[in-house]
Asks: 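Just dropping this structure here.
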Amino acid sequence: MCFQSKTPFTSERIHAAAMYCSDGRFGEPFDDFLTDGLHLPRYDRVAIPGGPACLAGYPETRGQEQEMLNELLFLLDAHSIKRVVLIQHQGCAFYGELLDVPKDRVRLLQEADLVRAAHFIRRQTPLTQVEGYFAAVDGSAVKFERVDLD
């Protein structure tokens, strides 16, 4: 089988990366938000279960923390990344299944993890432009709310 995409290839880099959860239900809303909401077409994707939570200092994610740092450093060097967008989402199984966080405390913890991940990135890389968002399901739509990372 051979498939040819109707989307044309553009070689110009956008110099931005997004780190988010690999939950496939959110893939298209994340792309829509990053491309149309933040005007970051062709952003570099860093997707892993729990997304930015792997940089929040959990013992369960120690190995992933170093891998994600290595990936960010590579992208920073090879793709001249200057901006990183961190996204957490409602109903993330990482928090419910791996960390066993009660449902009524998940969002608060996710927002705190965005702050911790941003501080980690700023300490470990020369990046200063790091921003965070929370994706909440609203009926059949997904709304993105900015989270203060300072």
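Predicted model only: the values in this text are computed from it and were never measured. Below, each value reflects all heavy atoms present in this structure, side chains not excepted, and no hydrogens, waters or symmetry copies.
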Asks: Please check if V85 and L127 belong to a single hydrophobic cluster, counting links between Ile, Leu, Val, Met, Phe, Trp and Tyr side chain heavy atoms closer than 4.5 Å.
Replies: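 Unlinked, V85 and L127 end up in two clusters.
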Asks: Which distance, rounded to the nearest 0.5 Å, do you find between the CD of Q66 and the OG1 of T61?
Replies: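 Result: 12.0 Å between the selected atoms.
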Asks: Can you find a pair of side-chain heavy atoms, one from R105 and one from L109, that are under 4.5 Å apart?
Replies: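 Side chain of R105 against side chain of L109, heavy atoms only: no contact under 4.5 Å found.
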Asks: Hydrophobic clusters here meaning ILVMFWY residues chained together by side-chain heavy-atom distances under 4.5 Å, can you tell me if I87 and M68 are in one?
Replies: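 No; tracing contacts between hydrophobic side chains, which count when under 4.5 Å, never links both residues.
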Asks: When rounded to the nearest 0.5 angstrom, what is the spacing between OH in Y95 and CD in Q90?
Replies: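 So the OH of Y95 and the CD of Q90 are separated by 14.0 Å.
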Asks: Closest approach of L149 and E131, non-hydrogen atoms and distance?
Replies: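 Heavy atoms only, the tightest pair is CD1-C, 3.3 Å.
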Asks: If we only count heavy atoms from C-beta on, is the L69 to I121 side-chain gap below 4.5 Å?
Replies: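 They are not in contact (no side-chain heavy atoms under 4.5 Å apart), so the answer is no.
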Asks: Once salt bridge (charged side-chain N to carboxylate O under 4.0 Å, His left out) is applied, what residue pairs with a partner in residues 63-80 remain, sequence neighbours excluded?
Replies: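 For residues 63-80: R62-E65.
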Asks: Should we count CD of E28 as having more than 12 external heavy atoms under 6.0 Å?
Replies: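 Result for CD/E28: open.
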Asks: Between Q110 and C92, is there a side-chain heavy-atom distance shorter than 4.5 Å?
Replies: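 Yes - at least one pair of side-chain heavy atoms lies under 4.5 Å apart.
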Asks: Please name all residues satisfying salt bridge (charged side-chain N to carboxylate O under 4.0 Å, His left out) with D150, sequence neighbours left out, ordered by chain then number.
Replies: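 Scan of D150 (salt bridge (charged side-chain N to carboxylate O under 4.0 Å, His left out), adjacent residues dropped) gives R122.
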Asks: By side chain to side chain contact (heavy atoms under 4.5 Å, CB included), which residues pair with V142, not counting sequence neighbours?
Replies: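 V142: side chain to side chain contact (heavy atoms under 4.5 Å, CB included) contacts with F26, P29, A135, F144.
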Asks: For residues 110-138, which residue pairs qualify under ring-ring contact (aromatic ring centres under 6.0 Å, His included), counting only residues two or more places apart or in two chains?
Replies: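 For residues 110-138, and leaving out neighbouring residues, the ring-ring contact (aromatic ring centres under 6.0 Å, His included) pairs sorted by first residue read F33-Y133.
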Asks: Just wondering, do I81 and L72 contact through their side chains at under 4.5 Å, heavy atoms?
Replies: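 No, side chains not in contact.
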Asks: Going from CD on E60 to CG on L99, what distance comes out if it is rounded to the nearest 0.5 angstrom?
Replies: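 With rounding to 0.5 Å, CD (E60) is 5.0 Å from CG (L99).
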Asks: Evaluate the side-chain hydrogen bond (donor to acceptor under 3.5 Å, both in side chains) criterion for residues Y58 and D113: first the C-alpha distance (whole Å), next the side-chain angles of each, then the deciding distance (0.1 Å), finally the verdict.
Replies: CA-CA 10 Å; Y58 292 105; D113 285 350; 2.7 Å; yes
Asks: Over all heavy atoms of both residues, which pair between V130 and A118 is shortest? Give the atoms and the distance, please.
Replies: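 What the structure gives for the nearest pair is CG1-CB, 3.8 Å.
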Asks: Report, one line per pair, each donor and acceptor closer than 3.5 Å where one atom sits in a side chain of residues 37-54; sequence neighbours left out.
Replies:
| unit_1 | atom_1 | unit_2 | atom_2 | d |
| --- | --- | --- | --- | --- |
| R42 | NE | E12 | O | 2.9 |
| Y43 | OH | Y20 | OH | 3.1 |
| Y43 | OH | D31 | OD1 | 2.3 |
| D44 | OD2 | H79 | ND1 | 2.4 |
| R45 | NH1 | Y43 | O | 2.9 |
| R45 | NH2 | D31 | OD1 | 3.3 |

Asks: To check you understand the geometry: which heavy-atom pair defines the closest contact between L75 and A17, and what is its length?
Replies: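 Heavy atoms of L75 and A17 come nearest at CD1-CB, 4.5 Å.
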Asks: Is it the case that one hydrophobic cluster holds both M19 and F74, taking links as side-chain heavy atoms less than 4.5 Å apart, direct or via other members?
Replies: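 Yes, M19 connects to F74 through the hydrophobic network.
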Asks: Any chance you could pull the hydrophobic cluster mates of F9, using side-chain heavy atoms under 4.5 angstrom and chaining through other members?
Replies: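 For F9, no cluster forms, as it stays isolated from other hydrophobic side chains.
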Asks: Which value, rounded to the nearest 0.5 Å, describes the distance between L86 atom CG and L55 atom CG?
Replies: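 So the gap between those two atoms works out to 7.5 Å.
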Asks: Give a yes or no on whether the backbone of V147 and the side-chain of E111 come within a donor-acceptor separation of less than 3.5 Å.
Replies: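 No: the side chain of E111 does not pair with the backbone of V147.
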